[in-house]
Structure formats: C-alpha cells, structure tokens
There are 2 protein chains.
Amino acid sequence: MARPRSFEPDKVLEIAREVFWRKGFQATSLDEITAASGIAKPSLYAAFGDKNALFLKVLDRYHERLLGWAERVLAQPGSAREAIRQWLTGFIPSCSGEKGRRGCLSINAATDGALDQLDIRKSIERYNKRLEELLRARLRSDRDQFKKGFDPELTAHTIVVLHTGLMALAHQAPEPKKVKAVIDLVLTLLA
Amino acid sequence: MARPRSFEPDKVLEIAREVFWRKGFQATSLDEITAASGIAKPSLYAAFGDKNALFLKVLDRYHERLLGWAERVLAQPGSAREAIRQWLTGFIPSCSGEKGRRGCLSINAATDGALDQLDIRKSIERYNKRLEELLRARLRSDRDQFKKGFDPELTAHTIVVLHTGLMALAHQAPEPKKVKAVIDLVLTLLA
DNA sequence: GCCGTTTTGTACCCAGTAGTACTGAATGCG
DNA sequence: CGCATTCAGTACTACTGGGTACAAAACGGC
C-alpha cells in the first residue's frame with residue numbers, strides 16, 4: 001500500500017554491530033554507519049530511532065545471541081566442568097590473536113561512557129546477570145560432581161569475573177595458548 | 001626572566017585524571033578540563049601538548065602510582081599468598097560500591113577507542129606486563145611455598161586476568177563482600 | 001623605568017556530527 | 001490512470017569540539 005523498504009533491518013543491524021564493535025560506541029559516527037550500510041540517515045532514524053536506540057538494539061541482539069549459545073552449550077549432559085570448559089574455550093577465537101583486538105562489544109560498551117545512558121547500562125547488567133544465572137543453575141544441579149563445601153553461587157560469579165577479564169584483555173591480542181592455559185587453571189577450581 | 005606559570009602542572013594532571021576517569025577519554029572534552037582546572041586551553045596546550053599527549057601523561061602517572069604501590073605491597077616478607085591477597089584486597093574500595101563505578105582508568109582506556117592511539121596502547125600494555133612481572137617474580141622466588149608442579153608464570157597471568165575482570169565489572173558497583181569472596185576463592189589456587 | 005621573554009585569556013576558525021526539512025520516487029488500491 | 005501513503009536521498013541546520021592567532025599581562029635583567 002506504499003513504497004516498500006529497500007533494506008532488511010536485520011542486515012543493517014549486523015552491519016551497525018560490526019562498526020560499533022570495531023570503533024566503539026562514542027567513536028562511531030552515524031556517517032560511518034550510513035557509509036557501511038548504504039542506508040541514508042533519515043531511513044536509519046525512521047527505522048531504529050536515534051544513535052542510542054540503534055546501539056541498544058544492536059547490543060540487545062548481541063546479548064541474545066551470546067545467551068542463546070551459552071544456554072545450548074551449558075545444557076549439554078555429562079560433566080559440568082566440561083560443559084563450562086567448552087563454553088569458555090569457545091571464546092578463544094574471538095578474544096585472542098588479531099581478531100580478538102576488538103574485544104567484547106558488551107564489555108567495551110560498559111566502559112565507553114555509554115553507561116551514562118541508563119538503558120544501555122541496564123541491558124549490560126541484565127546480560128551479566130542472566131549469564132551468571134545459567135552458570136549457577138548448571139553448577140547447582142550438578143553439585144554432587146564436586147567435593148563437599150563447593151559453592152555454586154560463588155564459583156559461577158568467579159567464572160563470570162574470569163570471563164570478563166579475558167574479554168577485557170582481548171584488546172592486547174594474547175596468544176590462544178595463553179588463554180586456554182588460564183581457563184584450564186581456573187577450571188581446577190571445579191573439583 | 002619571564003612571566004611565571006600560575007598553576008602547578010601536577011595539580012592539573014590530577015584534576016585532568018579525575019575528569020578522564022569519570023567520563024572516559026573520548027567523552028571528555030577539553031572544555032570540561034579547563035572548567036575543572038581553571039586553566040585556559042592555550043596554557044594546557046603549551047604545558048602538555050594536545051589531548052592525546054595530556055591523556056598519555058595522566059595515564060603514565062596513574063600507572064606509575066599503581067606499580068609503585070604493587071611493588072611495595074608485593075615486596076613484604078612472609079607468605080606470598082598473603083602479600084598477593086593484600087594487594088588484591090587493596091582494590092576493593094575502588095572497584096566495589098558506588099565509588100567503584102568509574103572502574104580502572106587504564107582498563108577503561110583500553111576499550112575506549114583510545115587504543116587507536118599507539119602511544120596509549122603501548123602504555124597500557126607496558127603496565128600490564130610490568131604488573132605481571134611483579135607477581136611472577138614474587139611467585140617464583142617463593143615457589144617452595146607451593147606444591148610441586150606449581151606454575152608461577154601461568155598463575156601470575158591468571159591473577160592479572162582476575163584483576164582485570166574485577167576492575168571491568170566495577171562499573172556495576174558490586175558489593176565489597178562479593179569481590180572479597182572471589183579473591184579468596186581464586187587464591188586457593190596458590191597452594 | 002624600559003625591553004625581551006614567556007604566560008595568559010579572549011576570541012576565533014574549521015572540521016565533524018547528531019538530527020531534520022523537504023522533494024522526489026515507488027508501491028497498492030480503486 | 002490517479003491517488004494516498006510510505007520510503008529514499010539530498011541538502012541543510014545547529015552545535016560541539018579540538019586546536020590556534022593575537023594582544024594584553026607579568027616577570028627578570030639592564
């Protein structure tokens with residue numbers, strides 16, 4: 001009944017994610033996104049709102065994707081430690097070597113001054129909370145795999161801290177081996 | 001022989017550090033620094049160079065201060081584990097509660113897009129390297145305090161990762177108790 | 001008291017950026 | 001085909017921010 005859209009919003013959100021991820025939220029100008037996507041600014045505004053709203057959409061999708069993957073990997077049967085190891089090692093390609101330099105979009109955003117935007121901060125906090133919940137649930141339900149006195153809550157949180165540290169240090173492009181060794185060492189806490 | 005300076009560079013660097021720390025490198029405008037310090041822009045430029053150079057000076061001082069403190073605490077005699085525990089717990093006030101929200105200036109800078117500036121990236125990498133060296137040296141020299149097979153290099157790096165994670169998560173203003181519990185749990189790796 | 005030198009502060013320039021008319025184009029429907 | 005409706009793209013505005021020219025001011029030395 002009217003002129004149809006000439007682009008797929010999902011594709012544009014993916015392109016925007018790449019730009020935001022590479023340059024950071026503050027440092028990314030809308031012109032760079034229009035250049036990368038071929039979509040003019042008024043169309044972006046009509047489809048996604050202003051820069052903050054666009055980034056929030058990008059970030060929420062990013063979070064959903066990571067949570068979906070974590071949920072799948074952490075739900076596998078067998079050893080809880082191996083499930084968590086698989087989840088953590090899955091990040092190695094994206095947090096080591098040259099590819100890792102961009103780090104984690106979410107953690108980058110948390111230190112971007114983007115935190116002034118309440119929506120964005122809430123999204124990040126919610127993501128961390130849900131991630132920790134997934135780990136905690138798995139450790140809790142498998143607590144008899146571990147020795148007496150094992151603390152699922154504290155251990156889950158500690159793994160989140162470790163994960164955050166690895167993703168924050170990704171900007172230094174460490175060697176994959178080094179990351180793997182750290183993961184293995186910390187997983188000895190699951191005993 | 002000429003008009004004297006009307007401000008102390010060290011004081012100005014401290015004020016600039018506070019502003020950068022609170023708002024982030026990119027998000028801080030020079031106008032905010034002139035407003036906070038009372039120093040006009042041309043004086044800032046004459047004394048410190050452009051924005052990047054100013055931030056680099058601030059960051060280097062920050063690093064020196066943290067390294068100096070780490071060196072002092074980690075040099076204390078007795079248990080290596082207790083020395084490291086004291087070093088880590090010393091960060092609790094600045095990485096938990098409302099005061100912690102600003103996180104760590106260095107880690108924030110690493111994800112600020114400030115990394116495009118090679119000087120700044122080098123400074124951060126050098127800081128992390130020297131920090132890890134301090135830990136490694138202490139763990140190595142006291143390796144007979146630990147069980148056979150203890151790996152000082154890997155353990156030192158893991159502690160740096162943990163420390164980075166704690167400082168990155170500081171933006172969420174966690175409870176001090178939680179941070180302390182994580183530290184205690186990870187220090188059981190030193191056995 | 002005057003002069004060269006360095007600092008100071010106002011006022012400015014220019015590039016870049018978020019956000020917005022406004023005109024023209026593409027559709028479905030009658 | 002005509003028309004209402006929605007999208008696309010150019011061009012613009014208003015503003016901010018980094019950086020600087022220039023003239024006045026504050027010193028030490030003569």
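Letters A, B, ... mirror the listed sequences (proteins, then strands); counts begin at 1.
Salt bridge A/Lys41/A/Asp31: present, at least one basic N to carboxylate O contact under 4.0 Å. A salt bridge does not link A/Lys178 with B/Glu153: none of the charged nitrogens is closer than 4.0 Å to a carboxylate oxygen.
With sequence neighbours excluded, the residues forming a side-chain contact (heavy atoms from CB on, under 4.5 Å) with A/Leu185 are A/Thr188, B/Leu154, B/Thr155, B/Thr158, B/Leu189, listed by chain and number. In this structure, the side-chain contact (heavy atoms from CB on, under 4.5 Å) partners of A/Thr89, at least two apart in sequence or on a different chain, are A/Arg85, A/Ile92, A/Ile183. Looking at residues two or more places apart in sequence or on another chain, you find a side-chain contact (heavy atoms from CB on, under 4.5 Å) between B/Arg61 and B/Asp10, B/Leu13, B/Glu14. Judged as a side-chain contact (heavy atoms from CB on, under 4.5 Å), and not counting sequence neighbours, the contacts of A/Ser43 are A/Phe7, A/Ile39. Here B/Phe48 pairs with nothing under the ring pair (Phe, Tyr, Trp, His ring centres under 6.0 Å) rule; sequence neighbours left out. In this view, B/Glu133 satisfies the side-chain hydrogen bond (donor to acceptor under 3.5 Å, both in side chains) rule with no residue, not counting sequence neighbours.
As rounded to whole Å, 18 Å separates atom P of C/dG16 from atom CD1 of A/Ile33. The NZ-C1' distance, from A/Lys23 to C/dG16, rounds to 12 Å in whole Å.
Sorted by first and then second residue, the pairs that involve residues 90-100 of chain B and meet side chain to side chain donor-acceptor pair (under 3.5 Å), not counting sequence neighbours, are B/Glu98-B/Arg101. Screening residues 65-78 of chain B for side chain to side chain donor-acceptor pair (under 3.5 Å), with sequence neighbours left out, gives B/Gln76-B/Gln86.
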Letter per nucleotide, 5' to 3', of nucleotides 17-27 of chain C [B base touched, S only sugar-phosphate touched, - untouched; heavy atoms, 4.0 Å]: SBBBB--BBBB
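For DNA chain D, no neighbouring residue in residues 6-22 of chain B is found when judged by any heavy atom under 4.0 Å.
With a cutoff of under 4.0 Å to any heavy atom of chain B, the contacted region of DNA chain D is bounded 5' to 3' by D/dG17 to D/dG28.
With rounding to the nearest 0.5 Å, the separation of CG in B/Leu59 from NE2 in B/His63 is 4.0 Å. Separating the CG atom in B/Leu67 from the OH atom in B/Tyr62 is a distance of 10.5 Å, to the nearest 0.5 Å. A distance of 6.5 Å separates NZ of B/Lys51 from CD of B/Gln26, quoted to the nearest 0.5 Å.
One axis for each end of the helix from C/dG1-D/dC30 to C/dG30-D/dC1, each built from five base pairs, and the angle between them comes to 0° at 10° resolution.
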